[in-house]
Amino acid sequence: QLQLVESGGGLVQPGESLRLSCAASGFGFNFEHYVIGWFRQAPGKGREGVVCISTTGSVRIYEDSVKGRFTLSRDNAKNTVSLQMNNLKSEDTAVYYCAAHTGRLYCPDYDYEYSDWGRGTQVTVSS
């Protein structure tokens, strides 16, 4: 089983930036074989997909509102995925989770296809 740990959350003002990281660990895994997705859950709302990076490095955006503001990259040598969030808005406030999927090269369509989840990191955007 893959362990995922998110970091980098915090409190920022609208228009500012944050960089979240997802670090993977486990026994005998090859990080290159995992698709990594980011999800978020705002207070009182359901979980929603934000963005995903495939094993080949291609990025799929699940949530249109982050287009042009969020970028995703992976460093397979360090077993990490980084989510750069720019021009943050109050509606981006949520707990952000990273999740891993294996078995296919590209980003899945549904969150239930991800098998391993981190515990989340809080992002609060407020003036």
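If you read the sequence from its start, that first residue is 1, and numbering goes on from there.
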*Grab the two heavy atoms, one from Ala42 and one from Thr93, that are nearest each other, plus how far apart they are.*
CB-O, 3.5 Å

*Out of curiosity, does Phe70 fall in the hydrophobic cluster containing Val95 (side-chain heavy atoms, cut-off under 4.5 Å, transitive links)?*
no

*Looking at CD of Glu6 and CH2 of Trp117, how far apart are the two atoms once the value is rounded to the nearest 0.5 Å?*
9.5 Å

_Pairwise distance CZ(Arg74) to CG(Asn79) - rounded to 0.5 angstrom_ = 9.0 Å

*Tyr114 reachable from Ile53 in the ILVMFWY side-chain graph, under 4.5 Å edges*: no

*To the nearest 0.5 Å, how far apart are CG in Asp116 and NE2 in His101?*
11.0 Å

*In Å and rounded to the nearest 0.5 Å, what is the CZ to NZ distance from Arg69 to Lys89?*
4.5 Å

_Within this structure, what is the OG1-CG distance for the pair Thr71 and Leu83, rounded to the nearest 0.5 Å?_
7.0 Å

*Minimum heavy-atom separation for Thr55 to Arg104, with atom names?*
CG2-O, 4.3 Å

*asked:* If I compare all heavy atoms of Ser17 with all of Asn86, which pair ends up nearest, and what's the gap?
replied: OG-OD1, 2.9 Å

*Given the rule that I, L, V, M, F, W and Y join up when any side-chain heavy atoms are under 4.5 Å apart, are Val59 and Leu105 in one cluster?*
no

*Are Val51 and Leu18 connected, step by step, through hydrophobic side chains (Ile, Leu, Val, Met, Phe, Trp, Tyr) whose heavy atoms are closer than 4.5 Å?*
yes

*Are Val50 and Val12 connected in the hydrophobic side-chain network, where two residues link if heavy atoms are under 4.5 Å apart?*
yes

Anything under 3.5 Å between a donor and an acceptor, one on a side chain of residues 120-127, the other on a protein residue two or more places apart or in another chain? List them.
residue: Thr121; atom: OG1; partner: Gly9; partner atom: N; Å: 3.2
residue: Gln122; atom: NE2; partner: Ala94; partner atom: O; Å: 3.4
residue: Gln122; atom: NE2; partner: Thr124; partner atom: OG1; Å: 3.3

_Nearest-0.5 Å distance, CG of residue Leu4 to CZ of residue Arg119_ = 11.5 Å

*Would you check if the side chain of Ser54 reaches a backbone N or O of Tyr106 as a donor-acceptor pair within less than 3.5 Å?*
no

_Closest approach of Tyr62 to Pro108 (non-hydrogen atoms, all atoms of both residues)_ = OH-O, 2.6 Å

Taking only distance into account, with no hydrogens and no angle test, what donor-acceptor pairs under 3.5 Å do side-chain atoms of residues 26-40 form with protein atoms, sequence neighbours excluded?
residue: Asn30; atom: OD1; partner: Glu32; partner atom: N; Å: 3.1
residue: Arg40; atom: NE; partner: Glu48; partner atom: OE2; Å: 2.6
residue: Arg40; atom: NH1; partner: Asp92; partner atom: OD1; Å: 3.0
residue: Arg40; atom: NH1; partner: Tyr96; partner atom: OH; Å: 2.9
residue: Arg40; atom: NH2; partner: Glu48; partner atom: OE2; Å: 3.1

*So which pairs with a foot in residues 72-124 pass disulfide bond (SG atoms under 2.5 Å apart), sequence neighbours left out?*
Cys22-Cys98, Cys52-Cys107

